[in-house]
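Data first, discussion second: the structure below is written as structure tokens.
In what follows, every heavy atom counts, from backbone to side chain, and hydrogens, waters and symmetry copies are set aside. By convention here, the first residue in the shown sequence is residue 1. What you see is a predicted model, and the numbers here were worked out from it, not measured in a lab.
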Amino acid sequence: QLIEWIKRKDGSIEKNLVRPYEQNLDTFPYPDWSIYTETAFYKPFKGHVYKYGDFEMSRGCPYKCSYCINVQLQAIYKPTGNNFHREKSIKRVIEEIKSAREKYDIEFLKFWDETFLLMSKERLEEFADIYSEQIGLPYVIETTSQSITPFTAKLLKKSNCKSASLGLETGNPDIRNGLLHKPTDNDIYIKAFKLLEENDIQNVTISDGTEIFGTKSVIDSLQLVNLIVIIEAEVLKQTGKEIIVVDDDAVTHLLLLES
């Protein structure tokens with residue numbers, strides 16, 4: 001039994017360090033999905049239901065957003081001296097997906113990495129090349145707006161990424177940068193959403209709890225989302241897709257008429 005701490009006769013406490021995170025994620029076995037019922041695999045996406053599989057390419061987000069548990073986890077594990085962000089090899093990720101596809105007949109993937117694009121250009125290129133050749137299944141991710149560039153958007157499209165969720169939190173940049181410790185300006189989000197739209201990748205804006213910051217935050221958020229929708233409409237017009245834009249003086253709603 002591991003002794004976590006002891007109290008000495010002088011009243012002082014000697015506490016052990018936490019056990020270091022495993023650095024080589026390739027050593028972990030494949031997840032055992034046999035414990036789940038068949039219905040647990042099915043989830044909707046854009047009006048259709050698919051049999052999903054959940055995967056990860058990495059663990060540990062290095063950012064320090066004040067509302068996120070990772071700030072505390074980084075502090076707890078910092079004394080171990082090991083890397084907080086760790087990656088599986090591309091080979092291991094592909095093998096794991098192949099195994100799940102063969103065993104469970106999955107047809108859609110979600111990567112649960114907190115910041116999917118937190119990887120080198122070389123690693124992303126390797127993933128896009130191998131995944132598109134050997135897997136090809138549609139997938140969705142979560143990432144940061146600043147990680148969406150012409151280079152990354154192109155490779156996401158190549159590998160059949162269908163949706164990217166970006167944490168907006170609030171449309172007020174002062175609150176986002178100051179209180180939430182997320183130094184990302186609104187124009188970065190706008191550029192990211194436009195790049196995703198141009199590459200036919202659905203974007204999802206995550207703005208959890210913006211109302212707790214007051215009326216101005218809510219208004220700023222609505223105005224930013226409104227601007228993003230208008231930009232998306234312009235991109236769709238350029239692609240020749242038929243759309244309807246409905247303006248109700250609060251938020252512009254975009255309806256894409258798919259054939």
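- The closest side-chain heavy-atom distance from Thr144 to Leu117 is not below 4.5 Å.
- Side-chain atoms of Arg176 come within 3.5 Å of backbone N or O of Leu168 as a donor-acceptor pair.
- Summarising the geometry, atom NZ belonging to Lys88 is positioned 11.5 Å from atom CD belonging to Glu95; distances are rounded to the nearest 0.5 Å.
- The pair Glu96-Arg92 counts as a salt bridge, with a side-chain nitrogen and a carboxylate oxygen less than 4.0 angstrom apart.
- Atom CD of residue Glu56 and atom NZ of residue Lys110 lie 13.0 Å apart, to the nearest 0.5 angstrom.
- By the 4.5 Å heavy-atom criterion applied to side chains, Cys65 and Leu180 are not counted as neighbours.
- Thr80 and Asn82 share no donor-acceptor pair across their side chains, judged by distance under 3.5 Å alone.
- Cluster annotation: Val71 and Val18 are assigned to distinct hydrophobic clusters (Ile/Leu/Val/Met/Phe/Trp/Tyr, side-chain heavy-atom contacts under 4.5 Å, transitive).
- The existence of a salt bridge linking Lys191 and Asp185 is excluded, since no basic side-chain nitrogen approaches an acidic carboxylate oxygen closer than 4.0 Å.
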Passes side chain to side chain contact (heavy atoms under 4.5 Å, CB included), Asn16 versus Ile6? Steps please.
CA-CA 9 Å; Asn16 289 336; Ile6 59 172; over 6 Å; no
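- At a threshold of 4.5 Å between side-chain heavy atoms, the hydrophobic network of Ile, Leu, Val, Met, Phe, Trp and Tyr places Leu118 and Ile188 in two separate groups.
- Put simply, the side chain of Lys162 does not reach to within 4.5 Å of the side chain of Gln202, judged on heavy atoms.
- Salt bridge annotation for Asp129-Lys158: present, with a cationic side-chain nitrogen under 4.0 angstrom from a carboxylate oxygen.
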Let me see the working for Tyr67 and Leu179 under side chain to side chain contact (heavy atoms under 4.5 Å, CB included), right down to the final yes or no.
CA-CA 9 Å; Tyr67 53 86; Leu179 183 62; over 6 Å; no
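- In this structure, Tyr42 has its ring center no closer than 6.0 Å to that of Tyr50.
- Residues Lys51 and Asp105 share a closest heavy-atom pair of CD-O, 3.6 Å.
- The line from CG of Leu109 to CG of Leu137 is 5.5 Å long, rounded to the nearest 0.5 Å.
- Separation of atoms CD1 (Ile130) and CD1 (Ile135) is listed at 10.0 Å; rounding is to 0.5 Å.
- Here the side chain of Asn70 pairs no donor or acceptor atom with the backbone of Gly60 at under 3.5 angstrom.
- Taking the six-membered ring where the residue is Trp, Phe111 and Tyr139 present perpendicular rings, their angle passing 60° and hence far from 30°.
- Under the 4.5 Å side-chain criterion, counting only non-hydrogen atoms from C-beta, Val93 is not in contact with Phe55.
- For the atom pair NZ of Lys103 and OG of Ser34, the computed distance is 6.0 Å after rounding to the nearest 0.5 Å.
- Both Ile90 and Leu156 belong to a single network of hydrophobic side chains, linked directly or stepwise wherever heavy atoms of I, L, V, M, F, W or Y lie under 4.5 Å apart.
- Of all heavy-atom pairs between Ser132 and Ser159, the closest is CB-CA, 4.3 Å.
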Show the numbers, then the answer: is there a side chain to side chain contact (heavy atoms under 4.5 Å, CB included) between Ser58 and His85?
CA-CA 7 Å; Ser58 66; His85 178 72; 3.5 Å; yes
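- Distance alone, capped at 3.5 Å, places no donor-acceptor pair between the Asp113 side chain and the Thr115 backbone.
- Both the sub-6.0 Å distance and the 45° axial angle are not jointly satisfied by Lys182 relative to the ring of Tyr63.
- Between Gln23 and Asn83, the closest side-chain pair of non-hydrogen atoms falls below 4.5 Å.
- Hydrophobic cluster membership is shared by Ile201 and Ile148, with clusters built from Ile, Leu, Val, Met, Phe, Trp and Tyr side chains linked at under 4.5 angstrom.
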Take Lys43 and Val49 through the side chain to side chain contact (heavy atoms under 4.5 Å, CB included) test and state the conclusion after the steps.
CA-CA 5 Å; Lys43 301 174 186 177; Val49 176; over 6 Å; no
Report the C-alpha distance between Glu14 and Lys7 in whole Å, list the side-chain angles of each, state the deciding distance to 0.1 Å, and finish with yes or no for salt bridge (Lys or Arg N to Asp or Glu O under 4.0 Å).
CA-CA 6 Å; Glu14 184 75 21; Lys7 185 175 182 180; over 6 Å; no
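- A 4.5 Å side-chain heavy-atom check between Phe45 and Ser163 finds at least one atom pair inside the cut-off.
- For the pair Ile13 and Arg8, the minimum side-chain heavy-atom distance is 4.5 Å or more.
- When the side chains of ILVMFWY residues are joined at heavy-atom separations under 4.5 Å, either directly or via intervening members, Tyr104 and Ile94 end up in a single hydrophobic cluster.
- Looking only at side-chain heavy atoms (C-beta outward), Glu197 and Asn203 come within less than 4.5 Å of each other.
- The number of heavy atoms from other shown groups lying within 6.0 Å of CH2 (Trp33) is above 12.
- Closest approach of Phe84 to Cys61, counting heavy atoms only: CE2-O, 3.2 Å.
- Using a cut-off of 4.0 Å between Lys/Arg side-chain N and Asp/Glu carboxylate O, Glu107 and Arg101 are scored as not salt-bridged.
- Side chains of Lys98 and Gln134: a donor on one and an acceptor on the other come within 3.5 Å.
- The local environment of OH in Tyr36 is sparse, with at most 12 non-hydrogen atoms from other residues, nucleotides or ligands closer than 6.0 Å.
- Here Arg59 does not pair with Glu87 in a salt bridge; the nearest charged N to carboxylate O distance is not below 4.0 Å.
- Of all heavy-atom pairs between Pro79 and Leu17, the closest is CB-CD2, 3.6 Å.
- Side-chain contact annotation: Asn24 with Arg86, donor-acceptor N/O pair under 3.5 Å absent.
- Closest non-hydrogen pair, Met119 versus Met57, comes out as CE-CE, 4.1 Å.
- In this structure, Ile141 and Cys161 approach most closely via the heavy-atom pair CG1-SG, 4.2 Å.
- A donor-acceptor pair under 3.5 Å links the side-chain atoms of Thr152 to the main chain of Ser147, judged by distance alone.
- Close placement of the Tyr52 and Phe108 rings is indicated, their centers lying within 6.0 Å of each other.
- Between Ile69 atom CD1 and Glu114 atom CD the span is 10.0 Å, to the nearest 0.5 Å.
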